[in-house]
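Here's the structure we're looking at; comments come further down.
None of these values were measured; they are calculated from a predicted model. Side chains are part of it too, since the values below use all heavy atoms of this structure and drop only hydrogens, waters and symmetry mates.
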Amino acid sequence: MRIDVLTLFPEMFHGVFQSSILKKAQEKQIVDYHLTNFRDYSTNKHQNVDDYPYGGGAGMVLTPQPIFDAVDAVKKETRSTKPRIILMCPQGETYTQQKAEQLSKEEHLIFICGHYEGYDERIREHLVTDEISIGDYVLTGGELAAMVVIDSVTRLLKDALGNEESAPCDSFSSGLLEYPQYTRPANFHDMKVPDVLLSGNHQKIEEWRKKASLKRTYERRPDLLENYPLTEEEKEWVKKLKKNRGNLAYPDKI
C-alpha cells in the first residue's frame, strides 16, 4: 500500500512514521509513506493557501488550487487511477473499525489534512472520495486525525503485526468488545487469573472468551448489541446478564 499525506506540517508525521508498527511495516515494504506540503503547489506569489470566505464570516478557508494540483501531482507520479482520497473533517462520517478494514484493502490512500476554518466546498464535491471524522470534536488541523486512521489501517495489512491473529481479535473487529486478557503471574497480590484460562482446555477457554466478550460489551457498549447477530445461546447469555443487571462473575457464571 502507498499512503500519501497532503499537509502544511509534514514534520508532524516524522516521529510517528519512524516508530513502532508503522516503522516496521515500512521496513518490511508492506506500506510506503509519502508526505507533501501542498503549500509548495500554491501559485500565489506569497504561497498563500487560504483566503477569506465569500459572504463574510470568521476564519480563513483553504483554497482549491493548491490541493487539486498536489493531488494531481501525486496521481501522475504514482500513475494511480483510482486512489481513495480522504478528507479529514469533523463533518465526515464517524470513523469505525469497519471503515479501517475497508480502507486496508486499497492499494493507494491519499489523506488531505486541512487547517484554518475549513475547505472550499469544491474540494469536497469534486476531489475527495471519503470524508472522515474521528469524533465529535474539533482539532486544530487534520494531521492528528490522519495519524489515527493511518495507524489503524496499517496494522491491518498482512504481516504488519507479529501475530496475524491479533487484529481479528481486537475490540470492534468482531462487532463486540474484546474479552479480558491476563499474563504471568497467575496470582498477583491475591488477584488470580480465572482458572479456566490455566486449564489448557481450548474449547472451554474459547467459550469463556465469547461470554466474557459479550459481558464486557453489555456492560460498556450495550449499543453494539443492537445490530449484532446473536446466536440463540448468546441471546440466553444476554437475558441472564439483563436479569442480573450484568452482575455475573466472569469465569463460571456468565
Side-chain angles (χ1 to χ4, degrees), residues 1-38 67 70-71 74 78 80 82-115 119 128-181 183 213 216-217 220-221 224:
M1 175 185 282
R2 173 172 170 134
I3 295 178
D4 281 275
V5 181
L6 276 56
T7 171
L8 294 173
F9 304 97
E11 65 276 6
M12 290 181 65
F13 291 84
H14 294 163
V16 174
F17 288 163
Q18 290 300 312
S19 304
S20 189
I21 297 298
L22 298 187
K23 178 182 180 181
K24 291 178 180 178
Q26 184 161 233
E27 290 174 343
K28 293 178 182 178
Q29 298 184 333
I30 296 169
V31 64
D32 195 13
Y33 310 111
H34 293 265
L35 296 165
T36 297
N37 188 333
F38 57 84
I67 293 177
V71 170
V74 169
T78 60
S80 180
K82 293 184 178 180
R84 291 286 282 272
I85 304 174
I86 302 164
L87 192 71
M88 304 309 303
C89 173
Q91 299 177 24
E93 66 173 293
T94 302
Y95 192 55
T96 64
Q97 184 68 17
Q98 287 67 42
K99 186 71 173 184
E101 291 167 1
Q102 180 191 118
L103 294 176
S104 71
K105 295 176 173 61
E106 299 290 335
E107 293 184 1
H108 188 195
L109 303 178
I110 300 176
F111 289 85
I112 301 174
C113 303
H115 223 67
Y119 305 93
V128 306
T129 60
D130 303 82
E131 291 185 51
I132 291 178
S133 166
I134 62 168
D136 294 338
Y137 50 89
V138 179
L139 298 170
T140 304
E143 286 78 13
L144 294 175
M147 293 175 197
V148 169
V149 176
I150 291 168
D151 181 278
S152 64
V153 169
T154 299
R155 69 190 308 278
L156 293 174
L157 301 179
K158 182 176 172 56
D159 298 327
L161 299 178
N163 187 336
E164 290 304 308
E165 296 182 2
S166 295
C169 294
D170 287 341
S171 291
F172 306 109
S173 291
S174 67
L176 301 176
L177 300 186
E178 189 178 7
Y179 48 81
Q181 297 273 23
T183 188
S213 177
R216 176 150 290 182
T217 304
R220 302 185 182 189
R221 289 293 304 276
L224 295 177

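A side chain to side chain contact (heavy atoms under 4.5 Å, CB included) with I85 is found for exactly one of I67, L6, V71, namely V71. When the options I132, I134, V16 are evaluated for a side chain to side chain contact (heavy atoms under 4.5 Å, CB included) with V148, the one that passes is I134. Partner of M1 under the side chain to side chain contact (heavy atoms under 4.5 Å, CB included) criterion, chosen from L103, L109, T154: L109.
Atoms CG and CD1, on L87 and I110 in that order, are 12.5 Å from each other to the nearest 0.5 Å. Remark: T96 OG1 to E101 CD distance equals 8.0 Å, nearest 0.5 Å. Atoms NZ and CD, from K82 and E106 in turn, are 11.0 Å apart once rounded to the nearest 0.5 Å. Summarising the geometry, atom NZ belonging to K28 is positioned 11.0 Å from atom NZ belonging to K158; distances are rounded to the nearest 0.5 Å.
Note on ring orientation: taking the six-membered ring where Trp is involved, the planes of F9 and H115 are tilted (angle from 30° to 60°).
The shortest side-chain heavy-atom distance between Y33 and V5 does not fall under the 4.5 Å cut-off. The shortest side-chain heavy-atom distance between V128 and Y119 does not fall under the 4.5 Å cut-off. A heavy-atom distance below 4.5 Å is found between the side chains of F13 and M147. Side-chain contact between L22 and D151 is present, with heavy atoms from C-beta onward closer than 4.5 Å. The closest side-chain heavy-atom distance from M12 to L144 is below 4.5 Å.
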Query raised in the report: Where do N37 and L8 land on the side-chain contact (heavy atoms from CB on, under 4.5 Å) test, with the steps shown first?
Result: CA-CA 5 Å; N37 188 333; L8 294 173; 3.8 Å; yes
Query raised in the report: Between K99 and D130, is a side-chain contact (heavy atoms from CB on, under 4.5 Å) present by the stated rule, with each step listed?
Result: CA-CA 10 Å; K99 186 71 173 184; D130 303 82; 2.8 Å; yes
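Every residue two or more places apart in sequence or in another chain that forms a side chain to side chain contact (heavy atoms under 4.5 Å, CB included) with S152 is listed here: Y95, A100. For Q18, the side chain to side chain contact (heavy atoms under 4.5 Å, CB included) partners are K23, Q26, not counting sequence neighbours.
Listed by first and then second residue, the side chain to side chain donor-acceptor pair (under 3.5 Å) pairs involving residues 4-15 are R2-D4, D4-H108, T7-E143 (not counting sequence neighbours).
Contact detail for E131 and C89: the closest heavy-atom pair is OE1-SG, 3.9 Å.
The main-chain N or O of Q91 is never found under 3.5 Å from a side-chain atom of S133 such that the two would form a donor-acceptor pair.
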